[in-house]
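In what follows, every chain begins at residue 1, and chains take the letters A, B, ... in the order their sequences are listed. All figures in this text were calculated on a predicted structure; none of them were measured in a lab.
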2 protein chains.
Amino acid sequence: MPSQKQIARELGVSVATVSNALTGKGRVSRDVVDLVTARAAQLGYTPSAAGRALKTGRSGILGLVMPDITHPVFPDFAQGLEIEADARGYGILIANGRGTEAGQDNAIKQLIKRGVDGIIMIPRRGTRPQVPPVPMATISIASDPRFAVAANHRQGGRLAAQAILQLGHRSVLLLGDDSQSPVQIDRIEGMAEALEGQAEFQVQWTGDCFPDLADLHATGVTAVLTVSDLLALRVVTEASQSGLRCPDDLSVIGFDNLPLSTAVRPTLSTIVPDTAELAKRAIAYLDAAIRDDQDPPAPSVVDMTLRLRDSTGPAPQTATQHRRTSP
Amino acid sequence: MPSQKQIARELGVSVATVSNALTGKGRVSRDVVDLVTARAAQLGYTPSAAGRALKTGRSGILGLVMPDITHPVFPDFAQGLEIEADARGYGILIANGRGTEAGQDNAIKQLIKRGVDGIIMIPRRGTRPQVPPVPMATISIASDPRFAVAANHRQGGRLAAQAILQLGHRSVLLLGDDSQSPVQIDRIEGMAEALEGQAEFQVQWTGDCFPDLADLHATGVTAVLTVSDLLALRVVTEASQSGLRCPDDLSVIGFDNLPLSTAVRPTLSTIVPDTAELAKRAIAYLDAAIRDDQDPPAPSVVDMTLRLRDSTGPAPQTATQHRRTSP
DNA sequence: TTGTGATGATTAAACGATTAATCAAGGATT
DNA sequence: AATCCTTGATTAATCGTTTAATCATCACAA
């Protein structure tokens, strides 16, 4: 591996001059700069990450802690983070919380050992990760004493509900699968908020058992708002098995815009989180904190957007009538 | 941050002694070892990654290059790799090939700049990644001049076909969505190989257009073997829209055991790659190569396994009769 | 008593880059 | 002509760890 020392020796100058020439600091004549850069390029010189990190105290690496890499939402996040980090000259080291709080804290410890400059944390729900000795950005739901950026799950819920209202639906099922998840609770609350006074609705959690869609449809339900695309997929296919057509008999909306949402027929309408923007803000904060800026960006919330596809349609006339006559 | 120097100063010994005591090398008395380790623990000492990397020439970090983090197959890989790497004391730095060959080579360059000890590469199909100055393990389809470990896609295809034969199906559609993908080609070839002489079959690629399942079913096709769960999902739901029941009228098998395969109704039968084993072998090879072992593990192929779920069933009697009478 | 060896610790150099401090030399100012 | 400033380069120290080489002590054998 070529080093500054080697370049210096070959050119008969000092290492300091080489360093100055390459970094643009200090005072070096135009000629020498050209000579050095030329030789560096010719030798394929790459500054040693270790050497630089040792001297500057910064590794240029950020750690990413996720509760479960396997969850289909995370690839999108990871991608956005990698792009943003790269744009600012950082690399991303992944760590696995392994689903437990202990694993999560251990992951932080591992990252610190490896000398990361900052940590991006997607905390396991209900945990308070230990405070690391480096800046940390939390991507989560609840506002945090430390910096946090979050998707506006409640607003996303409202968006889904408003779409369904606009299509004329007046009896809606709100469906979650984990009544303990703050994210899901926020999404459902947003839906309920927008539906309040505009339509009948009921909330169900599949934790115990999956609702009987045929029954519900018989009582007038024409739309199901779910907290995730996986759940929406379940609804669409379960409905199909019960002889219900989607969106003719039942409109469905999911969350997160997973790849599957365009692979299933009908394609799934979904509420899509702006992962790119979330990543951008998290990295921007970390970068500012690491560089010790006076005013790093403040914690913030990012709105979600609606993508209508084939799983939603106007409320069926018959069902609407049924609802009107049933009470 | 506490350093060996600080411990040495506080204890009135030399840094070398501290280093020796902590690493177990050199000659240090039992007493001093205890003293040093105690003080280190008390101070919360963590060896500086940069310092160590600079001296030893090894960063303890592996780079992972993937063509597209967003693809649903990769999280599983990444997870397996992270676990295996961690077990051997390595961290994993992610890089994004951004789908292009140039991006892929650039990713390698970035990783080298960051001082990784080795690279795990999942190459974009049809590309030959540049040879980096560190060991590289390729997880792919084709055998490679360098080390490579691959899932046995052909055997996976046979597995799917054999399962369908055993269920009595005698007319099968093999469905891919990218006729250029070596992985898909291998899978389809494996299916064809096992079906040859045992059943009628035809191959179709959805690149151009999606096949009319009702038509096919009318001509006697009772099973569809696809190259991915996403495609299987498409088939199952498309069939349902055409009024075909799965598995009653049509059996379907996918590939990769994606999370969606248990969320859809019917749940998807699938061929599952042993990502844990693939990861294990890739990391084992890299570790050996980095430590300059005499005989690093040889390139190898890992068999896939079959997981039968609800999307497959016995061939319908009527359809079988239909096929027998139709020619 | 004088070597000989083992033991436990220290010294010093090295990894590669950065940076403050220093120095030499020439040009401009008074 | 003496002084001052600017320019372009070098010296030397430093980051934290590892490791070969050295050294001092003490025990033991000849």
May I have all residue pairs that pass salt bridge (Lys or Arg N to Asp or Glu O under 4.0 Å) and include part of [range], sequence neighbours excluded?
{"range": "residues 292-301 of chain A", "answer": "R291(A)-D293(A)"}
{"range": "residues 12-21 of chain B", "answer": "none"}
{"range": "residues 50-60 of chain B", "answer": "none"}

Can you tell me how far [atom2] of [N] sits from [atom1] of [X], to the nearest Å?
{"X": "D31(A)", "N": "dG8(D)", "atom1": "CG", "atom2": "P", "result": "9 Å"}
{"X": "R27(A)", "N": "dT18(C)", "atom1": "CZ", "atom2": "P", "result": "19 Å"}
{"X": "L11(B)", "N": "dG8(C)", "atom1": "CG", "atom2": "C1'", "result": "15 Å"}
{"X": "L35(B)", "N": "dA9(C)", "atom1": "CG", "atom2": "P", "result": "10 Å"}

(request) Could you tell me which residues satisfy side-chain contact (heavy atoms from CB on, under 4.5 Å) with T100(A), sequence neighbours excluded, listed by chain and number? (result)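 Only A102(A) meet the side-chain contact (heavy atoms from CB on, under 4.5 Å) criterion with T100(A).
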
(message) Just to verify, what does S181(A) make a side-chain contact (heavy atoms from CB on, under 4.5 Å) with, not counting sequence neighbours?
(response)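 Checked S181(A) against side-chain contact (heavy atoms from CB on, under 4.5 Å); matches are R125(A), D178(A), V183(A), Q184(A).
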
(message) Could you work out how much the helix from dT1(C)-dA30(D) to dT30(C)-dA1(D) bends, comparing the axis of its first five pairs with that of its last five, to 10°?
(response)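 What I find for the helix from dT1(C)-dA30(D) to dT30(C)-dA1(D) is an axis angle of 70°.
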
(request) Evaluate the criterion salt bridge (charged side-chain N to carboxylate O under 4.0 Å, His left out) for residue pair E10(A) and R39(A); output intermediate values, then yes/no. (result) CA-CA 9 Å; E10(A) 291 188 22; R39(A) 191 55 149 240; 2.7 Å; yes

(request) Not counting sequence neighbours, list each pair that qualifies as a ring-ring contact (aromatic ring centres under 6.0 Å, His included) and has a residue in residues 45-87 of chain A. (result)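 Only H71(A)-F74(A) qualify under ring-ring contact (aromatic ring centres under 6.0 Å, His included).
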
Between protein and nucleic acid, restricted to nucleotides 16-21 of chain D and to nitrogen or oxygen atoms under 3.5 Å apart, what atom pairs and distances do you find?
residue	atom	partner	partner atom	Å
dG16(D)	N2	G51(B)	O	3.3
dT17(D)	OP1	Y45(B)	OH	2.4
dT17(D)	OP1	S48(B)	N	3.0
dT17(D)	OP2	Q4(B)	N	2.7
dT18(D)	OP1	R52(B)	NE	2.8
dT18(D)	OP1	R52(B)	NH2	3.0
dT18(D)	OP2	Q4(B)	NE2	3.1
dT18(D)	OP2	S19(B)	OG	3.1
dT18(D)	O2	K55(B)	NZ	3.3
dT19(D)	OP2	K25(B)	NZ	3.3

(request) Using a cut-off of strictly less than 4.0 Å, decide whether S29(A) has a side-chain nitrogen or oxygen near OP1 or OP2 of dT7(D). (result)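 For dT7(D), neither OP1 nor OP2 has a side-chain N or O of S29(A) closer than 4.0 Å.
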
(message) Suppose we screen for side-chain hydrogen bond (donor to acceptor under 3.5 Å, both in side chains). Which residues come up paired with Q79(A), at least two apart in sequence or across chains?
(response)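 Scan of Q79(A) (side-chain hydrogen bond (donor to acceptor under 3.5 Å, both in side chains), adjacent residues dropped) gives T70(B), N96(B).
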
(request) Assign V18(A) to base, sugar-phosphate, or nothing according to its heavy-atom contacts below 4.0 angstrom with the strands shown. (result)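 Nothing, no heavy atom under 4.0 Å.
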
